[in-house]
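Heads up, the thing below is written out as structure tokens.
This chain uses plain numbering: 1 for the first residue, then up along the sequence.
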Amino acid sequence: MEAAQTTPTTTKRLHHKKPQKANYTLTAVLAVLAIFAILGPLYMTFVIAVKDPSQMLNVLSWPKVFHWSNFADAWQMTDFPQKFMNTLFITVVNIVFTVITNSYVAYVITRNRSSNKFFNFLYFYLVSAMFIPFNVVMLPLVKEVSAFHMDNVLGITVLYVIFGLPMNTFLYSGFVKQIPIALEEAAIMDGASPLQVFFKVVFPMLKPMHATVAILSFMWTWNDFLMPLILLSDPKQQTLQLAQYVFQGQFSTNYNLASLPISWCWHPYY
């Protein structure tokens with residue numbers, strides 16, 4: 001075969017092709033905006049936390065006098081260690097059980113949808129629950145939780161796992177479809193049971209989706225205020241989000257102390 005000949009015009013284009021230059025102006029602007037987006041809320045949290053209520057006329061101003069006693073007052077008023085441990089327990093346990101149980105439910109439903117109408121109906125039944133607002137089921141949920149004595153940290157953790165099932169089933173199902181069934185058939189031929197097939201073959205391959213579900217579950221559980229508010233009546237069982245509620249008075253709100261539980265631990269909102 002004859003070598004492809006290049007015309008003078010083509011050679012000129014190849015030799016004179018200018019490399020793309022980085023847009024330093026746009027990069028600098030985006031960097032400044034990113035810094036303000038991160039440090040701005042942290043600055044406001046700090047200056048509000050060390051101020052006296054009389055200095056709140058200008059929220060962004062640097063405090064003239066630092067009231068470090070606000071930290072001790074907020075620590076005592078909120079019972080911060082207990083509330084933090086409750087929130088941490090609910091979040092961690094919810095993530096662990098959500099990843100294990102919801103992935104298995106989604107796997108079973110996805111693999112049987114095409115051959116069994118019940119699992120196909122179950123899939124659409126779970127996914128349709130995403131369109132139901134929580135306010136619709138709020139009152140019946142309070143009645144049922146009270147009847148089953150689930151108005152505690154452990155009970156609300158179970159509810160988080162259940163309420164996350166519709167969305168997580170939808171996410172996991174799309175990923176399970178991409179896994180070749182031949183891998184599972186080979187494991188069965190080697191004598192693996194259905195549970196072994198899932199936990200030793202399928203479950204490790206779902207790591208990207210595990211990370212997605214874990215992050216979404218963490219953000220939802222850690223930031224949630226409404227469900228703990230209506231279900232956890234015992235102050236010792238309440239979460240860190242409800243600790244902010246003690247600063248809400250009838251005629252005013254103590255923003256100086258309310259900002260302190262946020263500054264003590266990392267908050268996903270920021």
Side-chain angles (χ1 to χ4, degrees), residues 90-151 154-228 230-231 268:
I90 294 173
T91 304
V92 173
V93 175
N94 172 49
I95 291 175
V96 172
F97 279 91
T98 293
V99 169
I100 295 175
T101 60
N102 292 11
S103 61
Y104 186 69
V105 170
Y107 165 73
V108 173
I109 292 176
T110 304
R111 285 295 186 246
N112 294 278
R113 280 184 62 190
S114 58
S115 59
N116 194 312
K117 293 183 178 179
F118 170 76
F119 287 100
N120 193 40
F121 167 78
L122 186 60
Y123 172 79
F124 287 107
Y125 174 78
L126 291 175
V127 172
S128 64
M130 294 190 298
F131 300 95
I132 302 176
F134 179 74
N135 297 337
V136 176
V137 299
M138 188 167 57
L139 183 58
L141 180 64
V142 173
K143 295 290 185 180
E144 293 179 3
V145 167
S146 178
F148 289 100
H149 303 286
M150 296 179 63
D151 50 348
L154 185 59
I156 197 172
T157 304
V158 175
L159 292 177
Y160 276 123
V161 176
I162 296 174
F163 275 93
L165 186 60
M167 173 63 75
N168 297 333
T169 299
F170 177 76
L171 295 175
Y172 275 118
S173 296
F175 201 91
V176 170
K177 291 179 182 178
Q178 309 302 321
I179 300 177
I181 303 180
L183 297 176
E184 304 168 28
E185 294 175 346
I188 294 175
M189 292 292 293
D190 291 337
S193 64
L195 284 177
Q196 290 176 331
V197 170
F198 175 73
F199 284 106
K200 292 187 177 181
V201 178
V202 179
F203 190 82
M205 301 181 67
L206 295 175
K207 288 182 180 179
M209 192 52 60
H210 291 331
T212 302
V213 171
I215 292 173
L216 294 176
S217 299
F218 172 80
M219 297 288 290
W220 171 42
T221 310
W222 189 270
N223 290 327
D224 190 28
F225 176 81
L226 186 56
M227 190 183 295
I230 64 175
L231 299 182

ask   = Between Thr110 and Ser173, is any side-chain donor less than 3.5 angstrom from a side-chain acceptor?
value = yes
inquiry  = So does Met219 get a backbone contact from the side chain of Asn223, meaning a donor-acceptor N/O pair under 3.5 Å?
reply    = yes
query = With distance as the sole test, does Glu185 use its side chain to make a donor-acceptor pair with the main-chain N or O of Ala182 at under 3.5 Å?
reply = no
ask   = Has the side chain of Asn168 got a donor or acceptor atom that lies under 3.5 Å from a matching backbone atom of Gly164?
value = yes
task = For the residue pair Ile100 and Phe97, establish whether any side-chain heavy-atom pair is separated by less than 4.5 Å.
result = no
message = In terms of relative ring orientation, are Tyr107 and Tyr104 parallel, tilted or perpendicular, with 30° and 60° separating the classes?
response = tilted
ask   = With a 4.5 Å heavy-atom cut-off, do Asn120 and Phe124 have their side chains touching?
value = yes
inquiry  = Quick check: do Val105 and Tyr172 have side-chain heavy atoms less than 4.5 Å from each other?
reply    = no
message = What I'd like to find out is whether the side chain of Leu231 reaches to under 4.5 Å of the side chain of Leu159, using heavy atoms alone.
response = yes
inquiry  = Main chain of Ile90, side chain of Asn94: is a donor-acceptor contact present, judged purely on distance under 3.5 Å?
reply    = no
request  = Report the C-alpha distance between Trp220 and Phe163 in whole Å, list the side-chain angles of each, state the deciding distance to 0.1 Å, and finish with yes or no for ring-ring contact (aromatic ring centres under 6.0 Å, His included).
outcome  = CA-CA 11 Å; Trp220 171 42; Phe163 275 93; 7.3 Å; no
query = Can you tell me if Ser146 uses its side chain to pair, donor with acceptor, with the backbone of Val142 under 3.5 Å?
reply = no
key: Flag side-chain contact, heavy atom, 4.5 Å: Asn135 against Leu226   = yes
task = May I ask you to test the Pro166-Tyr125 pair for a side-chain heavy-atom distance under 4.5 Å?
result = no
query = Below 4.5 Å, heavy atoms only, C-beta onward: do Leu139 and Glu144 meet side chain to side chain?
reply = no
message = Taking the ring centre of each residue, are Phe175 and His210 less than 6.0 Å apart?
response = no
inquiry  = Tell me whether the NZ or CZ atom of Arg113 lies within the 45° cone about the ring axis of Tyr123 and under 6.0 Å from its centre.
reply    = yes
message = Applying the side-chain hydrogen bond (donor to acceptor under 3.5 Å, both in side chains) criterion to Tyr160, which one of Thr221, Thr98, Asp224, Thr91 satisfies it?
response = Asp224
Donor-acceptor contact below 3.5 Å, side chain Asn116 vs main chain Phe118 = yes
ask   = Taking C-beta and beyond as the side chain, do Leu206 and Val176 meet within less than 4.5 Å on heavy atoms?
value = yes
